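One structure is given below, encoded as structure tokens.
Small disclaimer: the values here were computed from a predicted structure and weren't measured.
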Amino acid sequence: MTDSPLYSLSCEQLEAAYRVKRLSPVEFTEAVLARIEACNDAVNAFVVLDPDEAILSAKASEARWARDEPLGPIDGVPTTLKDTMLAKGWPTLRGSKTTDPDGDWDIDAPPVARLREAGAVFLGKTTTPEFGWKGVTDSALSGVTRNPWNTSRTTGGSSGGAVAAAALGMGVLHTGTDAGGSVRIPASFTGVFSIKPTYGRVPAWPASPFGTLSHTGPITRTVRDAAAMLTIMAQTDIRDWTALPPTNLDYLDNIESGVKGLKIAFSPTLGHVDFVHPEIASSVAEAAKAFEDLGATVVETDPQLADAEAVFQTHWFASAAAAGSAIPMEKHYLLDRGLKEIISRGRNVAASDYIDAASRRAAIGERMEAFFQEYDLLITPGQPLPAFEAGAEFPEGYGFERWHQWTPFTYPFNLTQQPAASVPCGFTADGLPVGLQIVGPRFSDQLVLRAARSYEAVYPFKMPDNPVTG
């Protein structure tokens, strides 16, 4: 093991320690629970925390390791679940007071089932805005989730609880969902790693109200941990009829192969974003130069995605209206005001407008497929702005009306269903993390992870020692 705090160990370090009996899953889980007790009040990452269940699971894992019969490399690894995913024994409230907590709650969603089968130790469920509708994390149900690097700032969202837990070592593996940036936005704001895999790579059920925009992916402190987690989450589940055929890939294979010989497109603005913070622009440009130093050919270019916002907005508003239709009218007064507003706007989306948006979405997808005939990968800023005030849907002073307007680098790749990762690449002068986005053609999840790992190997990610009061 290392001189780092016990709670910060990676999957590989834990597997090695468990195998030689230098550390037990119970000892490690107790250390993580102590970390949660010390840090969670400052950031509000959990909506459900179940220490008793975690210790029981850790004891079962400890017995398997004692028999040299672990269920796999993540057996005994503390894990959190975003509160949009069904999990046996815990209510899935989706950040909403409209959800009845007294349901049966006896089914695991596909990624939860796969992680449970692999021996993961579930700690609890992490916070999300109501139904994951926006790019920050606050709700009437759970309050405001705060950024570990400055608790006056947002974590982003909608997987805000997951990233706060990851950054502070309150668990090793964390699940997130992403229909417009919801694993990448908060990872960029908090300096952790996340990947939105190719659509369908991780089976999901029940179907998201945001339809084929929605992906499920890992959030971790290291790229290798995310690769190990994705290997498990990507296994087949017949409940998701849109899931891709299983590949039986181990996403750790070839992850250290580097980027030498790759041709990487670098787009600082996607050709149209005019409000990239200068410190973010500088950090991302330096990261692009780092890929050249690692042996890739980096070409500054733009994939021409200025039309993506209107297409995304139509899909998003219509999907929100569909989500709202499932909620009894007598409970609508409980909904977040912003969510009610986009539900109302979504009800005014005509079927012909939606079909037109679907056609334009297909054209964007075709354009990106052609783009990746020339380039192996695309790198962009993760976010154009650093984390802003906690509790606000958008930063002041820019004329924004909705959250998606300040995150123009993420949602285009939900439309195209391509894998995209957020990689920490530095800090602003105020100490706020900067994220780099790496995008690949569909089905190139392994290549995206490999590129992210090549950068991490030279520029290791830094995590906060403790929450920083802002």
Side-chain touch [X]/[Y], heavy atoms, less than 4.5 angstrom:
{"X": "Ser158", "Y": "Lys82", "answer": "yes"}
{"X": "Ser10", "Y": "Arg224", "answer": "no"}
{"X": "Leu262", "Y": "Leu447", "answer": "yes"}
{"X": "Ile36", "Y": "Val32", "answer": "yes"}
{"X": "His174", "Y": "Thr79", "answer": "no"}
{"X": "Phe413", "Y": "Leu378", "answer": "yes"}
{"X": "Pro464", "Y": "Leu168", "answer": "yes"}
{"X": "Ile74", "Y": "Ile232", "answer": "yes"}

Does one side chain, of [X] or [Y], offer a donor that lies under 3.5 Å from an acceptor on the other?
{"X": "Thr380", "Y": "Gln437", "value": "yes"}
{"X": "Arg146", "Y": "Thr469", "value": "no"}
{"X": "Thr428", "Y": "Asp430", "value": "no"}
{"X": "Glu62", "Y": "Ser24", "value": "yes"}

Can you say whether the rings of [X] and [Y] are parallel (under 30°), tilted (30 to 60°) or perpendicular (over 60°)?
{"X": "Phe122", "Y": "Trp90", "result": "tilted"}
{"X": "Phe461", "Y": "Phe193", "result": "parallel"}
{"X": "Tyr411", "Y": "His404", "result": "perpendicular"}

Closest heavy-atom contact between [X] and [Y]?
{"X": "Tyr459", "Y": "Ala290", "answer": "CE1-CB, 3.6 Å"}
{"X": "Cys11", "Y": "Val77", "answer": "SG-CG1, 4.1 Å"}
{"X": "Pro91", "Y": "Pro101", "answer": "CB-O, 3.9 Å"}
{"X": "Thr137", "Y": "Thr154", "answer": "N-OG1, 4.3 Å"}
{"X": "Pro408", "Y": "Pro384", "answer": "CD-CG, 3.8 Å"}
{"X": "Met233", "Y": "Pro203", "answer": "O-CD, 3.6 Å"}

Between [X] and [Y], ring centroids under 6.0 Å:
{"X": "Phe427", "Y": "Trp149", "result": "yes"}
{"X": "Trp205", "Y": "Trp241", "result": "no"}
{"X": "Trp406", "Y": "Phe388", "result": "yes"}

Dump the intermediate steps for side chain to side chain contact (heavy atoms under 4.5 Å, CB included) on Leu305 and Met368, then the final yes or no. CA-CA 9 Å; Leu305 293 171; Met368 289 308 300; 4.0 Å; yes

Side-chain ion pair, [X] and [Y], N-O less than 4.0 Å:
{"X": "Asp225", "Y": "Arg221", "value": "no"}
{"X": "Asp237", "Y": "Arg114", "value": "yes"}
{"X": "Asp68", "Y": "Lys21", "value": "yes"}
{"X": "Arg453", "Y": "Glu256", "value": "yes"}
{"X": "Glu369", "Y": "Arg442", "value": "yes"}
{"X": "Lys134", "Y": "Asp336", "value": "yes"}

Atom [atom1] of [X] and atom [atom2] of [Y]: how far apart are they, to the nearest 0.5 Å?
{"X": "Leu115", "Y": "Thr175", "atom1": "CG", "atom2": "OG1", "value": "7.5 Å"}
{"X": "Thr127", "Y": "Leu141", "atom1": "OG1", "atom2": "CG", "value": "10.0 Å"}
{"X": "Met229", "Y": "Tyr251", "atom1": "CE", "atom2": "OH", "value": "14.0 Å"}
{"X": "Leu449", "Y": "Ile255", "atom1": "CG", "atom2": "CD1", "value": "5.0 Å"}
{"X": "Lys260", "Y": "Thr297", "atom1": "NZ", "atom2": "OG1", "value": "11.0 Å"}
{"X": "Phe46", "Y": "Ser142", "atom1": "CZ", "atom2": "OG", "value": "12.5 Å"}

Step-by-step side-chain hydrogen bond (donor to acceptor under 3.5 Å, both in side chains) determination, Ser96 to Thr98: CA-CA 5 Å; Ser96 181; Thr98 68; 2.6 Å; yes

Should Arg184 and Asn414 be marked as a side-chain hydrogen bond (donor to acceptor under 3.5 Å, both in side chains) after you check the CA-CA gap, both sets of side-chain angles, and the distance that decides it? CA-CA 11 Å; Arg184 291 162 291 149; Asn414 294 85; 2.7 Å; yes

Check the surroundings of atom [atom1] in [X]: do more than 12 heavy atoms from other residues, nucleotides or ligands lie under 6.0 Å from it?
{"X": "Lys331", "atom1": "NZ", "value": "yes"}
{"X": "Asp465", "atom1": "CG", "value": "no"}
{"X": "Glu37", "atom1": "CD", "value": "no"}

Applying side-chain contact (heavy atoms from CB on, under 4.5 Å) between Ile219 and each of Val163, Thr80, Asp178, report the one that passes.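 Of all the options given, the one that passes is Val163.
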
Cation-pi check for Tyr7 against Arg35: NZ or CZ below 6.0 Å from the six-membered ring centre and within 45 degrees of the axis, yes or no?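 Ring-cation test returns yes.
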
Ignoring hydrogens and angles, tell me if any N or O in the side chain of [X] forms a donor-acceptor pair with the backbone of [Y] under 3.5 Å.
{"X": "Thr231", "Y": "Asp250", "answer": "no"}
{"X": "Thr198", "Y": "Phe443", "answer": "yes"}
{"X": "Asp50", "Y": "Glu53", "answer": "yes"}
{"X": "Ser214", "Y": "Phe210", "answer": "no"}
{"X": "Thr410", "Y": "Thr407", "answer": "yes"}
{"X": "Thr145", "Y": "Asn44", "answer": "yes"}
{"X": "Asp104", "Y": "Asp106", "answer": "no"}
{"X": "Asp75", "Y": "Ser61", "answer": "no"}
{"X": "Thr29", "Y": "Val26", "answer": "no"}
{"X": "Gln446", "Y": "Asp253", "answer": "yes"}

Show your reasoning for whether side-chain hydrogen bond (donor to acceptor under 3.5 Å, both in side chains) applies to Tyr199 and Thr416. CA-CA 9 Å; Tyr199 178 80; Thr416 62; over 6 Å; no

Go through the steps for Thr155 and Asn147 under the test side-chain hydrogen bond (donor to acceptor under 3.5 Å, both in side chains), then give the verdict. CA-CA 5 Å; Thr155 56; Asn147 196 312; over 6 Å; no

Taking it one step at a time, do Lys263 and Glu374 satisfy salt bridge (Lys or Arg N to Asp or Glu O under 4.0 Å)? CA-CA 8 Å; Lys263 187 177 181 181; Glu374 183 173 358; 3.6 Å; yes

